[in-house]
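Because the structure is predicted, anything quoted here is derived from the model rather than measured. Naming convention: chains lettered A, B, ... in sequence-line order (proteins, then strands); numbering from 1 in each chain.
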Amino acid sequence: MDDMKFEEALARLEEIVKKMENGDLTLEESLDAFEEGIKLSRLCAKKLNEAERRVEILLKDEDENVEIKPFAGDTENG
Amino acid sequence: MQEILTVTELTTTIKSLLESAFGFLWVTGEISNLRQPRSGHVYCTLKAENSQIRAVVFRQTLRTIGFDLEDGMNIVCRGRLSVYQQRGEYQLIIDAAEPRGLGALQMAFEQLKKRLEEEGLFDPSRKRNIPFLPRRIGIVTSSTGAAIRDILHITKRRYPSIDILIAPVRVQGVEAPPEICGAIATLNTIEDVDVIIVTRGGGSLEDLFPFNNERVARAIFESKIPVISAVGHEIDFTIADFVADLRAPTPSAAAELVVPIKKELVDTIRSLRLRMINSNQRMTHRRTERLSSYYERVKDPRRRIEDLQMNIDDLSERLVTGLRYGFDVRERQLTNYEGLLKLMNPLTRIHNDVLKLDTMKKGVVVGFQQGMSGLKQRLQKDMALLDILSPLAVLERGYGIVRKLPDGTIFKSIKAVEVGDNVNVTVSSGSFNAQVTEIVRE
C-alpha cells in the first residue's frame with residue numbers, strides 16, 4: 001500500500017467511505033473496509049505531512065552528463 | 001610589379017578572409033527566389049531594399065528549423081558566411097532561423113498549426129490526464145525568468161512539500177527550441193517526474209516563437225510524461241499549447257492546475273476519516289441494537305412462561321372469585337330453597353294432616369256415633385214403618401205374590417201372564433207352585 005499514489009489512495013478511501021455509508025457491507029466486510037480506510041487515511045496524511053520540498057535543477061557538465069543540484073533560486077524556501 | 005594571383009588563389013584568399021572575419025553571424029531579411037532541388041537542401045535569396053545575399057539551408061538543418069520557409073517571409077537567421085569557390089560566390093549557410101515580423105510569424109504559425117493538426121498532434125483523444133498529486137514536477141523554463149519565480153511561489157503556497165525539478169533552458173531565440181526539446185527528453189528519463197510544465201512568461205510574438213516550433217511541438221508530443229504548456233499571457237496561443245496535454249493560460253495558472261491545495265486535501269482526508277468512523281459507529285450501534293433486539297426475542301420463551309404464569313394467576317384468581325361468587329349465589333339460592341323447602345316441609349303437612357286426620361277421626365267417630373244413633377232411630381222408625389208396609393203383613397191379610405218361574409219376575413199385570421206359565425205364589429207363612437191354566441181378563 002505504501003507505494004500507492006496519493007490520488008489512488010484518496011480515491012480508494014472515498015470509495016470505502018461511500019460503501020460504508022451505504023451500509024450494505026457485512027460486518028466482516030465493514031471491519032475490513034474500516035481497517036483499510038484507516039490505513040489509507042494514515043497513508044494520505046503521511047504523504048501530506050512529508051517534509052520540506054526539494055527544488056532542484058538539472059545541470060550538464062562539460063561531457064553533457066546530467067547532474068541534479070539543489071536550486072538556489074528558491075529563496076522563499078529559505 | 002603587382003603579384004598576379006590565380007583565380008583559385010584569389011578565391012581561396014577571399015574565402016579564408018570572409019569566413020574568418022564573420023564566423024557566426026545573425027542576419028535578417030526577406031526570403032525570395034526559394035527553391036528546393038532533389039538534394040533536399042533549400043536555396044534562396046535573402047534580400048533587403050537594395051541588397052541581397054544568397055543563402056542555403058541544408059536538409060539536416062531544415063528539420064531543426066521547425067517552420068516552413070516561404071518566399072516573402074521575413075526571417076532572422078543565424079549562419080556563417082561561406083564562399084563557393086567553383087562559382088566564385090559567397091552565400092549564407094543558415095543553421096537556425098525564426099520568422100520575423102507579425103506577418104511572417106503569423107504565416108509560420110498558421111502553416112505549422114495546419115500541418116500538425118492534420119497529422120493528428122492536437123487530437124484530444126491522445127491527451128493524457130494530469131496526475132492529481134505529482135511526486136515531482138519537471139519544469140522546462142528559464143532558471144532566471146518570471147515564470148519559474150511564479151511557479152515556485154504558487155506551488156509553495158498551495159502545497160509546500162511538492163518536489164520540483166527545473167530543467168533550465170533558454171526560452172527565446174533560435175537556440176531555445178533544441179534546448180527545450182533536450183530538456184523534455186531528459187526529464188523523461190527521470191523516474192519520479194510525473195508531469196512536465198513547459199513555460200515562459202509573457203513576451204513579444206517573436207519571443208514566444210520557440211513554442212511555435214515544430215521540433216518543440218514534436219518533443220511535447222513524444223514525451224511519455226504528460227506536459228502542461230504555459231506560454232506568455234492568457235491571450236497567447238502557441239503550437240505548444242495545442243500539442244500539450246493541458247494548456248495553462250499563464251505560468252501561475254499552470255502551478256495552480258498542477259498541485260492541489262494541501263490544506264483542502266488535509267481537510268478532505270480528515271472529513272473522509274471522520275465520515276468513515278461515524279458510519280462505522282453508526283453501523284456498530286445499529287448492529288448492537290439489532291443484536292440486543294434479537295437477544296430479547298431469544299429470551300422470549302422465559303418471558304412467555306412468565307406471561308403464562310401471570311395469565312394462570314389471573315385466571316385462577318378469577319376462577320376463585322367466580323367460584324366464590326357462584327357459591328354465594330348458589331348458597332343464597334340454597335338458603336332460599338331451604339326456606340322454601342322448610343316452608344313446604346311435608347312433616348308439617350303430615351303433622352297438620354295428622355291433626356286434621358285426628359280431628360276428622362274424632363269427627364268420624366262422633367259422626368259415626370251420631371249417624372249410628374240417628375240410623376238406629378231411623379231404623380226403628382223404618383222398621384216400624386216396614387212392619388206397616390211389609391208385604392208379609394199384607395199376605396197375612398190374604399194377598400199373594402205371583403212370580404214367574406224360573407226367573408222370579410213378579411207379575412204385576414195380567415198382560416205378562418201366559419197360559420202354561422209355571423208360577424210361584426207366595427202367601428203368608430209360605431209359598432206354592434202352580435201352573436196357569438186359564439187367563440181371565442177384566
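Put simply, the side chain of B:I164 does not reach to within 4.5 Å of the side chain of A:F71, judged on heavy atoms. Residues A:C44 and B:L265 are not in side-chain contact: their nearest non-hydrogen atoms beyond the backbone lie 4.5 Å or more apart. Side-chain atoms of B:I269 and A:L13, non-hydrogen and from C-beta on, do get closer than 4.5 Å to each other. Looking only at side-chain heavy atoms (C-beta outward), A:L58 and B:L187 come within less than 4.5 Å of each other.
A donor-acceptor pair shorter than 3.5 Å cannot be found between the side chains of B:R270 and A:S41.
Looking only at heavy-atom pairs under 4.5 Å with chain A, the residue among B:T144, B:I277, B:T284, B:I148 that has the most is B:I277. Contact tally against chain B (heavy-atom pairs below 4.5 Å) for A:L59, A:I38, A:I16: the top residue is A:I38. Taking chain A as the reference chain and counting heavy-atom pairs below 4.5 Å, the highest number among B:R282, B:R273, B:R286, B:M283 is found for B:R273. Most heavy-atom pairs under 4.5 Å with chain B, from the set A:M20, A:R42, A:E8: that is A:M20.
A 6.0 Å sphere centred on CZ of B:R80 holds no more than 12 heavy atoms belonging to other residues, nucleotides or ligands. Atom CG of A:N22 is surrounded by more than 12 heavy atoms from other residues, nucleotides or ligands within 6.0 Å. Annotation: B:Q60, atom CD; neighbour count of heavy atoms from other residues, nucleotides and ligands within 6.0 Å is above 12.
With a 4.5 angstrom heavy-atom cutoff, B:T268 touches chain A only via side-chain atoms. The parts of B:R275 that come within reach of chain A are both its backbone and its side chain, each placing non-hydrogen atoms under 4.5 angstrom from that chain. For a residue to count as touching a neighbouring chain, one of its non-hydrogen atoms must lie under 4.5 Å from one of that chain's; by this rule B:I190 touches chain A with the side chain only.
The side chain to side chain donor-acceptor pair (under 3.5 Å) test applied to B:R128 returns B:D245, not counting sequence neighbours.
Rounded to the nearest 0.5 Å, atoms NZ (A:K18) and CG (B:L272) are 8.5 Å apart. For the atom pair CZ of A:R53 and NZ of B:K156, the computed distance is 5.5 Å after rounding to the nearest 0.5 Å. To the nearest 0.5 Å, atoms CD (A:E21) and CG (B:N278) are separated by 8.5 Å. A:E36 CD to B:M276 CE: the interatomic distance, rounded to the nearest 0.5 Å, is 9.5 Å.
Across all their heavy atoms, A:S30 and B:R287 have their closest contact at OG-NH1, 3.5 Å.
Put simply, the side chain of B:D163 gets close to the backbone of A:R54: a donor and an acceptor are under 3.5 Å apart.
Contact residues of residues 167-178 of chain B toward chain A are B:A167, B:P168 (heavy-atom distance under 4.5 Å). Residues of residues 211-225 of chain B placed with any heavy atom under 4.5 Å of a heavy atom in chain A are absent; none qualify.
The stretch residues 131-146 of chain B participates, sequence neighbours left out, in these salt bridge (Lys or Arg N to Asp or Glu O under 4.0 Å) pairs: A:E56-B:R136, B:R135-B:E191, B:R135-B:D194, B:R136-B:D192.
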